[in-house]
2 protein chains.
Amino acid sequence: MENITEMLKGVLEGCVLEIISRGETYGYEITQHLRDLGFTDVVEGTVYTITIRLEKNNLVNIEKKKSTVGPPRKFYTLTEAGREQLDLFWEKWGFVTNKLEELKTKEMKRR
Amino acid sequence: MENITEMLKGVLEGCVLEIISRGETYGYEITQHLRDLGFTDVVEGTVYTITIRLEKNNLVNIEKKKSTVGPPRKFYTLTEAGREQLDLFWEKWGFVTNKLEELKTKEMKRR
DNA sequence: ACTGGTATATAGTATTACAGAGTAGATGCA
DNA sequence: TGCATCTACTCTGTAATACTATATACCAGT
C-alpha cells in the first residue's frame, strides 16, 4: 500500500508497543514484524526513533544481549507504564475507528 | 477522547473530503460536523488549513455565497480528483484497519 | 580481503494538527 | 448609537512524528 505515512502517525508507536508486549524483542526484529504485517515501507530508522522515544518515556525496559549473527541486540520489554500506554492506545484506536465507521456509513445530519 | 491528535493525522483530511462529498458545505460547518461526530477538539484553524490544502491540490471547487447571518461563506464541492482522492483514502484506511485488527488479534509469528 | 546479512545510531526534512489570535459581517438589545 | 454575540474566514507559529539518507559495527562464508 502506497503513501500511508501520514495515516501511520500515532499508530506505529502503538504497534511497536503491541509487538513488544508479545515478548521480549529488539529493534531490527520489530521492523521485520511490521514489514511482515504489511507495512512494507517501514525502515529501521523509523523504528529506532520510536524505541528511543519509548525508552525516554520509561515505557520499556532494556537488556543488551550478545548475538551470534551480528552486533549486540537491545531487547525491550514493557514496563507497567508501557502496558498502560498500550491499553490506552487500543482505546483511542477503537474510538477513532468507530467514528470513522460512523462517518462512512451513516447519513449526514443536515443543519 | 483525549490526545488523539497524532492519530488524526492523515485521517482528518479524509473526513473532510467525505463530509464535502455528502453535499456542498463550508469550513465552519465542516468543523461543526466533525465536532458532532465526536472529534470535539477540532478547531476552525485546523479545518481551514485542510481546506486550503484541498484547494491547492485541486481536490475541491469553490463558490462564495453571501450569508444572512454573518460574513460570506466559501462553499466546497469535490472535483473529480477529489472524489478519486476520497476513494483512495477509504482504501488506505481499510488497509490500515485490517492490519491493526490482525496485529491485535492474531498470534505473533516467532522468528 | 570482500561481500552480505544483521543491528544500532543520528542528522536533517516534510507533513500535519493544533494553539492562539485577528478580522469581519450580521443581528439584537439597551 | 454602542456593545455583545454569533457566525465565518484567515493567518502565524509550534510540536509531534515518520521518513530519507547515511554512518558505524559485528559476524560468517567465500
Side-chain angles (χ1 to χ4, degrees), chain A residues 1-17 24-35 39-57 59-60 62-76 85 89 92 96 111, chain B residues 1-17 24-35 39-57 59-60 62-76 85 89 92 96 111:
Chain A
M1 177 66 51
E2 287 158 38
N3 230 28
I4 54 173
T5 297
E6 289 306 324
M7 213 174 267
L8 289 182
K9 289 202 174 164
V11 173
L12 268 187
E13 182 178 312
C15 293
V16 171
L17 282 172
E24 188 178 64
T25 183
Y26 54 97
Y28 191 82
E29 194 182 42
I30 293 170
T31 309
Q32 304 301 322
H33 273 308
L34 287 170
R35 297 171 81 98
F39 299 141
T40 51
D41 294 338
V42 172
V43 291
E44 292 135 47
T46 299
V47 173
Y48 177 76
T49 56
I50 293 173
T51 53
I52 289 292
R53 197 159 68 231
L54 296 179
E55 187 177 339
K56 266 188 192 150
N57 296 333
L59 302 179
V60 288
I62 304 176
E63 199 183 344
K64 210 159 190 169
K65 294 184 186 177
K66 281 182 195 156
S67 163
T68 58
V69 294
R73 301 162 170 170
K74 279 172 71 179
F75 281 86
Y76 300 101
Q85 187 70 20
F89 166 74
K92 288 184 193 174
V96 172
R111 291 169 155 265
Chain B
M1 179 64 53
E2 286 157 39
N3 230 30
I4 53 173
T5 296
E6 289 306 323
M7 214 174 267
L8 290 182
K9 292 205 173 160
V11 172
L12 269 185
E13 182 178 311
C15 293
V16 171
L17 282 171
E24 187 178 66
T25 183
Y26 52 98
Y28 191 81
E29 193 181 43
I30 293 170
T31 310
Q32 305 301 321
H33 272 308
L34 287 171
R35 298 172 80 96
F39 300 140
T40 51
D41 294 339
V42 172
V43 292
E44 291 139 51
T46 298
V47 173
Y48 175 75
T49 56
I50 293 172
T51 53
I52 289 294
R53 196 159 68 231
L54 296 179
E55 188 176 338
K56 264 186 194 152
N57 296 334
L59 303 179
V60 289
I62 304 176
E63 199 184 344
K64 210 159 190 171
K65 294 184 186 178
K66 281 184 195 157
S67 163
T68 58
V69 293
R73 298 164 172 169
K74 279 173 71 179
F75 281 86
Y76 300 100
Q85 187 70 20
F89 166 73
K92 287 184 195 175
V96 172
R111 290 170 154 267

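To find a chain, count down the sequence lines: A is the first, B the second, and so on, and within it residues start at 1.
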Starting at atom NZ of B:K74, determine the distance to atom C1' of D:dT7, rounded to an integer number of angstrom.
-> 16 Å
Who pairs with A:E63 by salt bridge (Lys or Arg N to Asp or Glu O under 4.0 Å), at least two apart in sequence or on another chain?
-> none
Tightest non-hydrogen contact, residues B:D41 and B:R35, listed as C-NH1, 4.3 Å
Please report the closest heavy-atom contact between A:T31 and A:V43, naming both atoms and the distance.
-> CG2-C, 3.9 Å
To the nearest angstrom, the CZ-P distance between B:R35 and D:dC6 comes to 14 Å
What residues 3-12 of chain A contributes to the DNA chain D interface at heavy-atom separation below 4.0 Å is A:T5, A:L8, A:K9, A:G10, A:L12
In whole angstrom, give the distance that lies between atom CG of A:L54 and atom C1' of D:dA16.
-> 14 Å
Correct closest heavy-atom pair for B:F39 and B:C15 would be CE1-SG, 4.3 Å
Nucleotide D:dT10, atom C1' - distance to OH of B:Y28 in whole Å = 15 Å
Whichever of B:G27 and A:T49 has its nearest DNA chain D nucleotide further upstream toward 5' | B:G27
Partner residues of B:K56 under the salt bridge (Lys or Arg N to Asp or Glu O under 4.0 Å) criterion, sequence neighbours left out = none
By salt bridge (Lys or Arg N to Asp or Glu O under 4.0 Å) - contacts of B:K92 (at least two apart) = none
Figure out the CD/P separation between B:E29 and D:dA8, and round it to whole Å.
-> 8 Å
With sequence neighbours left out, write down each residue that passes side-chain contact (heavy atoms from CB on, under 4.5 Å) with B:K66, or none if nothing qualifies.
-> none
What does B:I52 touch in the nucleic acid at a heavy-atom separation under 4.0 angstrom: a base, only the sugar-phosphate, or nothing?
-> nothing
Starting from P on D:dT17, measure out to CG on A:L34 and report it in whole angstrom.
-> 16 Å
Does the side chain of B:Y48 get closer than 4.0 angstrom to OP1 or OP2 of D:dC11 through an N or O atom?
-> yes
Nearest whole angstrom, please: distance from the P of D:dT17 to the CD of A:E13.
-> 6 Å
Ring pair (Phe, Tyr, Trp, His ring centres under 6.0 Å) filter on B:Y26, not counting sequence neighbours, yields B:F75
Measure the distance from CZ on A:R53 to C1' on D:dC19 and round it to the nearest whole Å.
-> 13 Å
Residue list, side-chain hydrogen bond (donor to acceptor under 3.5 Å, both in side chains) with B:K64, at least two apart or on another chain = none
Could you give the start and end, 5' to 3', of the contact zone on DNA chain C for chain B, using atoms under 4.0 Å from its heavy atoms?
-> C:dT16 to C:dT27
Identify the pairs formed between an N or O of the protein and an N or O of nucleotides 21-29 of chain D at a distance under 3.5 Å, and give each distance.
from: D:dC27; atom 1: O3'; to: A:T68; atom 2: O; distance (Å): 3.3

Keeping to residues at least two apart or across chains, list the salt bridge (charged side-chain N to carboxylate O under 4.0 Å, His left out) pairs with something in residues 6-17 of chain A.
-> A:E6-A:K9, A:E13-A:R53
Kindly list each side-chain donor-acceptor pair under 3.5 angstrom involving residues 44-51 of chain A, sequence neighbours excluded, with atom names and distances?
from: A:T49; atom 1: OG1; to: A:T46; atom 2: O; distance (Å): 2.6
from: A:T51; atom 1: OG1; to: A:V47; atom 2: O; distance (Å): 3.3
from: A:T51; atom 1: OG1; to: A:Y48; atom 2: O; distance (Å): 2.8

